[in-house]
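Before any comments, here is the structure.
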Amino acid sequence: MIRGYSRCPSRDGIAVYARMRQQLFLPGDYDAPFALKCCATLKALFEGEQIHADVLKLGFECNVFVQTALLDMYVKCSRIETAEQVFNNMRVKSVVSWTAMVAGYSKYGLLDKAKRLFHEMPIRNVVTWNALIDGQTRFGDMEAAQWYFNHMPQRNTVSWTIMISGYSKSGNVEKARMLFDRMNSREVVAWTVMISCYVENGEPGEVINFFREMLAADVKPDEVAMLALLSAAAQLRSMHLCSWVENCINACGFKSDIRILNAIISMYMECGSIERAFDVFQKIPNKDVISYNSMITGCAAHGDPSNVFHLFSLMTRANIQPNSITFIGILTACAHRGLVAEGMSYFKLMLDLGYVELKSEHYACMVDLLGRAGELDEAYKLITEMPLKAKASTWGALLGACRIHGNVKLAEMVARKLFEIEPENPGNYAVLANMYAEKRMWDEAAIVRSAMEKKKVFKTHGSSWTEEDYFNKAL
DNA sequence: ATCTAACATC
């Protein structure tokens with residue numbers, strides 16, 4: 001029973017173990033590992049710790065399978081140090097134990113430790129290599145990843161997929177596609193990675209034909225592949241394509257997956273159809289925080305604060321806890337329309353709730369809101385007193401506000417900060433130079449312009465894409 | 001039996 005539950009994540013697996021123990025049945029060697037796997041996939045640290053205690057009481061502490069499952073449970077629950085302790089206390093270790101530890105270090109970017117263990121361990125299998133390479137692609141560099149990939153004794157589809165995903169994340173679409181074409185057995189995961197590669201690197205137009213190729217190759221899309229396709233349709237902003245994707249999803253029977261429905265909301269919002277997004281939203285029986293966030297973010301982007309506030313109150317009534325993204329949406333809506341009082345009160349509410357993770361975006365919205373309203377000193381105070389390091393975009397919002405209100409003195413201070421953080425951004429130099437010019441301070445304007453030339457930063461031209469551009473490229 | 005790859009709200 002427990003093993004069955006461990007195959008598809010569910011709290012019931014843990015419950016079966018607990019019931020067995022309540023009735024004082026003695027577990028065999030196989031029970032704890034599967035129950036711990038349930039805890040690992042669910043990130044149920046509390047339950048995992050209880051099973052850990054039970055395991056010690058029952059005297060399983062020397063069982064390699066039990067210990068390895070414990071170590072993996074701690075890794076999955078983000079307790080890398082506890083996992084390390086379990087690992088160090090193991091008298092007998094299997095290749096799986098070593099691999100789980102390498103995977104844990106890789107997952108948290110502890111590449112030196114991962115590498116040390118990798119070289120120290122007596123036997124390595126393909127999973128070990130993959131775990132190490134995955135860490136390299138995420139936290140190291142692609143050269144290192146490629147080196148290990150080239151040197152591993154055998155590769156499986158996971159190895160190839162990790163590499164494709166790595167090149168995608170580093171923006172190398174050509175290299176990713178090259179590896180994809182060289183793979184011999186392409187499963188749906190590899191296709192999905194390629195779809196997201198195009199989406200994340202701003203080439204959603206490539207996805208249409210690519211997806212057709214995938215269907216032609218007789219590879220059936222799953223929910224995750226559809227999610228990737230949905231973001232491509234969202235980027236393309238084509239209602240025609242959105243409808244087509246939605247029909248595909250209906251045909252596959254994925255309409256009960258909340259993640260899919262949430263992505264459909266965002267897709268229609270991106271395409272400018274609040275009505276269709278709202279329609280999908282209303283039909284979701286078990287709306288979660290992401291459903292509300294997608295609606296709030298979408299309405300905020302369309303400059304519709306009254307619906308944003310309405311959705312927030314609906315959300316509160318439905319007992320769904322707002323998170324940091326909810327507030328980014330609300331504050332964006334306020335900033336967009338210059339609703340200072342509302343913005344301040346939601347910002348205060350967020351601080352009062354206490355559990356919301358504060359992000360620089362929250363402060364950027366507030367600085368923008370206060371700055372545009374002419375409260376430059378308030379905005380400056382907020383930025384200097386914020387508990388996080390202000391990002392360039394936050395200072396940028398303040399610089400923009402200085403320009404609107406013609407405050408050269410503050411602008412100089414802010415611009416100096418920006419030149420430090422992002423010396424390569426031509427926009428900051430341009431704003432300051434234009435401000436001097438507006439005030440007829442020609443000498444100062446010239447100094448900024450020459451500083452710009454000296455640092456070899458030039459203003460780049462803006463460009464935009466239309467739906468036709470993408471289709472022409474696809475054809 | 002226990003370890004490795006993809007996705008949605010910013």
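Chain letters run A, B, ... following the sequence lines, proteins first and then strands; every chain starts at 1. All of these numbers come straight from a predicted model, not from anything done at the bench.
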Using a 4.0 Å cut-off on heavy atoms, which residues in [range] reach DNA chain B? List them by number, or say none.
range                       : value
residues 54-83 of chain A   : A:Phe65, A:Thr68, A:Asp72, A:Lys76
residues 322-336 of chain A : A:Ile325, A:Ile328
residues 157-171 of chain A : A:Val158, A:Thr161, A:Ile162
residues 288-299 of chain A : A:Ile290, A:Asn293, A:Ser294, A:Thr297
residues 244-267 of chain A : A:Arg259, A:Ser266

Are the charged groups of A:Glu246 and A:Lys255 less than 4.0 angstrom apart, N to O? yes
Give me the atom names and distance for the closest heavy-atom approach of A:Asn293 to A:Met315. OD1-CE, 4.2 Å
Of B:dA6, B:dA1, B:dT2, the nucleotide closest to the side chain of A:Arg3 is B:dA1
Tell me, which pairs form a salt bridge (Lys or Arg N to Asp or Glu O under 4.0 Å) where one or both residues lie in residues 343-356 of chain A, sequence neighbours left out? A:Lys348-A:Asp352
Scan for salt bridge (Lys or Arg N to Asp or Glu O under 4.0 Å) pairs involving residues 257-269 of chain A, sequence neighbours excluded, and state none if there are none. A:Asp257-A:Arg259
For [X], side chain to side chain contact (heavy atoms under 4.5 Å, CB included) partners two or more places apart:
X        : result
A:Asp279 : A:Lys283
A:Glu270 : A:Ala234, A:Arg237
A:Asp12  : A:Tyr5, A:Ser10
A:Glu47  : A:Arg11, A:Ile14, A:Cys39, A:Ala44

Any donor and acceptor pair, going by atom type alone, linking the side chain of A:Thr394 with main-chain N or O of A:Ala390 inside 3.5 Å? no
Taking CE in A:Met142 as the centre, count heavy atoms belonging to other residues, nucleotides or ligands within less than 6.0 Å. Is the count above 12? yes
side-chain hydrogen bond (donor to acceptor under 3.5 Å, both in side chains): which pairs involve residues 163-172 of chain A, sequence neighbours left out? A:Gln146-A:Tyr167, A:Ser165-A:Lys169
